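Report on the following structure.
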Amino acid sequence: MSGSKRCLIAGNWKMNGLLSEAEEFIAELRENPAPEHVELALMPPFTLLHPMNRPLADKGVTLGAQNVYYEEKGAFTGSICPRMLRDANCHYVILGHSERRSIIGESNAQIRSKLNAAWLHGLEPILCIGETLEQREKGITNHVLAEQLAILKGAPKDKPLTVAYEPVWAIGTGKTATPEMVVETHAFVHEELKRLGKDCRVLYGGSVNPGNAKELMACEGVEGALVGGASLKADSFMQIVEAAAETAG
Ligand code: 13P
């Protein structure tokens, strides 16, 4: 874990989680001590933001959302605006997740609009970037990442931002990047962010689990993790947090 910034372990529940499951998660979370050097955050689906807000806050866990729309309010059926997320006490919002890029067809231009809207209302975006297996095999990983980060050109310097490097081929597949790949790619991402005037925290994501968390979190340039599947159970989520705390301390 590099730098003096706090390490963040964020759980992205994706389209998972019923009220009963959230209650179970919270009950289990209460049994675990809060770590000192690690910030915890959870991004449940929209329907669980309000019910989870208070119990997560009591446990020192920051709340976030998985997406936001860029308009202020009005006739945008099915959409959620930044003020609604602030109203639900969200601090973070995930933007540009590869599932939204590939399944919903979200473009870099739309993601940039969402960044602006999030910043306007005091949210901290977690901007996801990552290459497909084909792109890595073609040797164009850095080019792809630079293109995804280029939406930060001209962005205000003082607005909060976290970036998550998530190789698309490692998401939900059980495959993880090797420590060498992680170190090399994170170094490139940090360099590119500095060039863009946004020297921010960079997380790793993609099949992070209790078994590999320590090795991944120990990589130079990794300042936390964005966890999918393994964040659905408090037990495995907290094991990842503990692994991170060991390397962050
Ligand atoms: P998995 O941890 O399930 O691979 O998901 C990673 C992810 O996409 C987090 O945003």
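One-based numbering along the sequence shown. In this text the structure is predicted, and so the values were computed from the model without any measurement. Indexing begins at 1, ligand by ligand and atom by atom, following the structure's order. Values reported hereafter were calculated over all heavy atoms of this structure, with side chains retained and with hydrogens, waters and symmetry mates removed.
The atoms of ligand 1 that sit less than 4.0 Å from any heavy atom of S207 are 1 (P), 2 (O), 4 (O). Set against the non-hydrogen atoms of L226, the atoms of ligand 1 under 4.0 Å away are 9 (C), 10 (O). Within the listing of ligand 1, atoms 9 (C), 10 (O) sit less than 4.0 angstrom from a heavy atom of N12. Below 4.0 Å from some heavy atom of H97 lie the following atoms of ligand 1, by number and element: 7 (C), 8 (O), 9 (C), 10 (O).
Between E99 and ligand 1, not a single N/O pair is under 3.5 Å apart. Considering backbone and side-chain N/O atoms, T173 never comes within less than 3.5 Å of an N/O atom of ligand 1. Taking distance alone, with nitrogen or oxygen atoms compared against 3.5 Å, I171 stays at or beyond that limit from ligand 1. For ligand 1, the polar-atom distance check against G229 finds a nitrogen or oxygen pair separated by under 3.5 Å.
The existence of a salt bridge linking E106 and K114 is confirmed by a sub-4.0 Å separation between a basic side-chain nitrogen and an acidic carboxylate oxygen. Residues E131 and R136 are paired through a salt bridge, judged by an N-O separation under 4.0 Å between the basic side chain and the carboxylate. The pair E246-K214 meets the salt-bridge criterion, with a side-chain N (NZ, NE, NH1 or NH2) lying under 4.0 Å from an Asp/Glu carboxylate O.
Follow the hydrophobic side-chain contacts under 4.5 Å out from W169 and you never reach L145; the two are in separate clusters. By the criterion of side-chain heavy atoms lying less than 4.5 angstrom apart, applied directly or through intervening Ile, Leu, Val, Met, Phe, Trp or Tyr residues, L48 is grouped together with M84 in one hydrophobic cluster.
Ring-centre distance between F237 and W13: not below the 6.0 Å cut-off.
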**OP:** Determine, stepwise, if the pair E191 / R195 fulfils salt bridge (charged side-chain N to carboxylate O under 4.0 Å, His left out).
**Re:** CA-CA 6 Å; E191 206 177 287; R195 216 177 50 76; over 6 Å; no
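Between the choices S98, G228, G172, the shortest heavy-atom distance to atom 4 (O) of ligand 1 belongs to G172.
Annotation: K194, atom NZ; neighbour count of heavy atoms from other residues, nucleotides and ligands within 6.0 Å does not exceed 12.
The closest approach between a heavy atom of G206 and any atom of ligand 1 is below 4.0 Å.
The protein non-hydrogen atom at the shortest distance from atom 9 (C) of ligand 1 is E166 OE2, 2.9 Å. Remark: minimum distance from atom 5 (O) of ligand 1 to any protein heavy atom is reached at K14 NZ, 3.2 Å.
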